[in-house]
Amino acid sequence: MRLSRFFLPLLKENPADAEIVSHRLMLRAGMIRQHASGIYNWLPLGYRVLRRIEQIVREEQDAAGAQEILMPTIQSAELWRESGRYEDYGKEMLRIKDRHDRDMLYGPTHEEVVTDVFRKNIHSYRDLPKILYQIHWKFRDEVRPRFGVMRGREFLMKDAYSFDLDMEAARRSYNRMFVAYLRTFRRMGLTAIPMAADSGPIGGDMSHEFIILADTGESAVFCHKALLEKPTPESVNYEGDLQPVVDEWTSLYAATDEKHTENHGVAPEDLISARGIEVGHIFNFGLKYSRPMDAVVQTVSDGTIPVQMGSYGIGVSRLVGAIIEASHDDAGIIWPDSVAPFHVGLINLKAGDVETDRVCAEIDARLSAAGVDVLYDDTQERPGAKFATMDLIGLPWQLIVGPRGLEKGVVELKRRATGERYEVSMETAIDRLIAPSSGS
RNA sequence: CGGGGUGUAGCUCAGCCAGGUAGAGCGCCAGCUUUGGGAGCUGGAUGCCGGAGGUUCGAAUCCUCUCGCCCCGACCA
């Protein structure tokens, strides 16, 4: 993609409306623009990141045995009356009437809908277990949206729902999601720590929030420092017993400030006290919806029983902000390779110069042909402005091509995260950017 | 939902107290110069001063109402 053609409205100054760093950087880097309070337009650069995050979530959900579906954004109030939540949910639910004066709503969550899908189509224990998920826009009419996409009213969320015959099976589904979450966040370059959360009326110990540590996090969190070093499980067999993995992660102390107690038994030097951002939440809620909504299956013996259910959320759009909170410096964003909107920013220091133009065009063509996402700055800006732009938008690699280097037969490869620079030949630079080890 | 603040050019903001032809910097357009860390000079375009009423000879400025947005607290992926 040539920068001269790319829709990338940058801001040099900090917008007055943005308080926290991720919000400021997302506006300055031309990723989003606000439409209304807590509601955003996603511009090309931001949307690319959103899609990459979404894809990682999707791949890990699929790997864990969940199946993707898509449910409606607009729901009928009927189902919510069945579950009893229509009256309970309060003003956060956006209520709408259609032309026939029927009560509708813009879905803040989908337990009712998915339970309805289940009960109408699955009737036998033989069809269990099932985990269904979607990646979908939701709307919660927050009293006070803030922090840009971290706390918007409209947000993209992955929500999964599990259906099991009994508690033992429900725990296995829960564990699948637990492990999938560890892997999902790790792939985005984040250290997400599962912390015990309020389990609600049922569910026992089966409720965890996944929290990433960031100075600007919304809540105070505490955890054993060993959790930060714990390696994420590789090559998981989701059909096997995942309980040991879950136990390993939950045996160490970790709690948000609401659940934090003094008698945690962690030595003071091992206790980390920090700020955290909730990026995921998993919990089992037993029969809460299956019983009132009559989602039952036939058992081995005669008779039917309601299914055990759980739900598993990931704040996909929130993650865009959360990753920036966890990965930036004074100059701008530092994208982890796995979610970066482009892999490399190719900087032509002297657009219009025959030789730099030729070399840049060749690099752009060869990298693109190899499947590497390139943002080629072919504009007439001065070098300083180009460097500042690339640093701001945070692409993992910058490939700098100028007349001065070309005279020596070199181009410059710069790693955004570390600032390391390498003067190498064009061939070497291309090879390194194509190599799998460089990220992609 | 309580408390506070704010709306003036694309962005950041001044002007309002004390009414009298709407401003600056950045950005944008044109030209010349410049070209390895957000360049310089010259010229130019851009505003229903959030909206509606009112007071006044005259309102960005004073009054009333209204809408939007932001921040702090109580709630949430």
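Throughout, protein chains are lettered first and strands after them, A, B, ... in sequence-line order, and every chain is numbered starting at 1. Computed from a prediction, not measured in an experiment: that's the story for all the values here. Note that these values count all heavy atoms, side chains included, but never hydrogens, waters or copies made by symmetry.
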Give none if [N] has no partner; otherwise give the nucleotide forming a Watson-Crick or G-U wobble pair with it, both distances under 3.5 Å.
{"N": "A18(B)", "value": "none"}
{"N": "G2(B)", "value": "C72(B)"}
{"N": "G7(B)", "value": "C67(B)"}
{"N": "A60(B)", "value": "none"}
{"N": "C49(B)", "value": "none"}
{"N": "G27(B)", "value": "none"}
{"N": "C32(B)", "value": "G40(B)"}

Requested in this report: Mind jotting down which residue pairs meet the ring-ring contact (aromatic ring centres under 6.0 Å, His included) criterion with at least one end in residues 61-82 of chain A? Sequence neighbours excluded, please.
Outcome: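 As it turns out, the ring-ring contact (aromatic ring centres under 6.0 Å, His included) pairs with a partner in residues 61-82 of chain A, which skip direct neighbours, are Trp80(A)-Tyr89(A).
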Rounded [atom1] spacing from [N] to [M] in Å:
{"N": "G7(B)", "M": "U61(B)", "atom1": "P", "result": "12 Å"}
{"N": "G4(B)", "M": "U42(B)", "atom1": "P", "result": "48 Å"}
{"N": "G44(B)", "M": "A60(B)", "atom1": "P", "result": "26 Å"}
{"N": "A22(B)", "M": "G38(B)", "atom1": "C1'", "result": "29 Å"}
{"N": "A74(B)", "M": "U6(B)", "atom1": "P", "result": "24 Å"}
{"N": "U46(B)", "M": "G53(B)", "atom1": "C1'", "result": "29 Å"}
{"N": "G23(B)", "M": "A45(B)", "atom1": "C1'", "result": "16 Å"}
{"N": "C26(B)", "M": "C65(B)", "atom1": "C1'", "result": "37 Å"}

Query raised in the report: When the nearest nucleotide of RNA chain B is assigned to Glu278(A) and to Ser37(A) on a heavy-atom basis, which residue is associated with the more 5' position?
Result: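 Final value for this comparison: Ser37(A).
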Query raised in the report: In terms of the nearest nucleotide of RNA chain B, which residue is placed more toward the 5' end: Phe155(A) or Arg146(A)?
Result: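 Looking at the nearest nucleotide for each, Arg146(A) comes out on the 5' side.
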Query raised in the report: In Å and rounded to the nearest 0.5 Å, what is the NE2 to CD distance from His136(A) to Glu54(A)?
Result: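 These two atoms lie 11.0 Å from each other.
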Query raised in the report: When you list every nucleotide of RNA chain B with an atom under 4.0 Å from a heavy atom of chain A, which one comes first 5' to 3', and which comes last?
Result: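 Both ends considered, the range comes out as C1(B) to A77(B).
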Holding to side chain to side chain donor-acceptor pair (under 3.5 Å), I want the full list of residues that pass it with [X], two or more places apart in sequence or in another chain.
{"X": "Thr418(A)", "value": "Glu420(A)"}
{"X": "Lys225(A)", "value": "none"}
{"X": "Glu154(A)", "value": "none"}
{"X": "Arg186(A)", "value": "Thr232(A)"}

With a 4.0 Å cut-off on heavy atoms, is [X] in touch with a base, just the backbone sugar-phosphate, or nothing at all?
{"X": "Val316(A)", "answer": "nothing"}
{"X": "Arg28(A)", "answer": "base"}
{"X": "Gly402(A)", "answer": "base"}
{"X": "Arg33(A)", "answer": "nothing"}
{"X": "Lys158(A)", "answer": "nothing"}
{"X": "Gly321(A)", "answer": "nothing"}
{"X": "Gly90(A)", "answer": "nothing"}

Quick one about [Y] and [X] (side-chain donor to acceptor, distance below 3.5 Å, no hydrogens or angles considered), yes or no?
{"X": "Gln61(A)", "Y": "Arg58(A)", "answer": "no"}
{"X": "Asp62(A)", "Y": "Tyr133(A)", "answer": "yes"}
{"X": "Glu427(A)", "Y": "Ser425(A)", "answer": "no"}

Proximity to RNA chain B (any heavy atom under 4.0 Å), residues of [range] only:
{"range": "residues 2-19 of chain A", "answer": "Lys12(A), Glu13(A), Asn14(A), Pro15(A), Ala16(A), Asp17(A), Glu19(A)"}
{"range": "residues 377-391 of chain A", "answer": "Arg382(A), Pro383(A), Gly384(A), Ala385(A), Phe387(A), Ala388(A), Thr389(A), Asp391(A)"}
{"range": "residues 134-144 of chain A", "answer": "Arg140(A), Glu142(A), Val143(A), Arg144(A)"}

Query raised in the report: If you take all heavy atoms of Val410(A) and Glu423(A), which pair is closest and at what distance?
Result: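 Shortest heavy-atom contact: CG2-OE1, 4.0 Å.
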Requested in this report: Identify the residue among Phe185(A), Tyr312(A), Phe210(A) that makes a ring pair (Phe, Tyr, Trp, His ring centres under 6.0 Å) with Phe178(A).
Outcome: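 Considering Phe185(A), Tyr312(A), Phe210(A), a ring pair (Phe, Tyr, Trp, His ring centres under 6.0 Å) with Phe178(A) is found only for Phe210(A).
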Query raised in the report: What residues, two or more places apart in sequence or in another chain, satisfy side chain to side chain contact (heavy atoms under 4.5 Å, CB included) together with Pro233(A)?
Result: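 Listed in chain order: Val179(A), Leu182(A), Val236(A), Val245(A), Trp249(A).
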List the atom pairs, donor and acceptor, that lie under 3.5 Å between side-chain atoms in residues 21-39 of chain A and the rest of the protein, sequence neighbours left out.
unit_1   : atom_1 : unit_2    : atom_2 : d
Ser22(A) : OG     : Glu325(A) : OE2    : 2.7
His23(A) : ND1    : Gly148(A) : N      : 3.4
Arg24(A) : NH1    : Glu19(A)  : O      : 2.8
Arg28(A) : NE     : Leu11(A)  : O      : 3.0
Arg33(A) : NH1    : Leu27(A)  : O      : 2.8
Arg33(A) : NH2    : Pro9(A)   : O      : 2.7
Gln34(A) : OE1    : Tyr40(A)  : OH     : 3.2

Report task. Please name all residues satisfying ring-ring contact (aromatic ring centres under 6.0 Å, His included) with Tyr422(A), sequence neighbours left out, ordered by chain then number. Result ->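 None.
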Requested in this report: Salt-bridge test for Arg81(A) and Glu112(A): reply yes if a basic N is under 4.0 Å from a carboxylate O, no otherwise.
Outcome: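 No salt bridge links Arg81(A) with Glu112(A).
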Requested in this report: Test ring pair (Phe, Tyr, Trp, His ring centres under 6.0 Å) on Phe118(A) and Tyr289(A) and set out the steps.
Outcome: CA-CA 11 Å; Phe118(A) 179 91; Tyr289(A) 300 97; over 10 Å; no
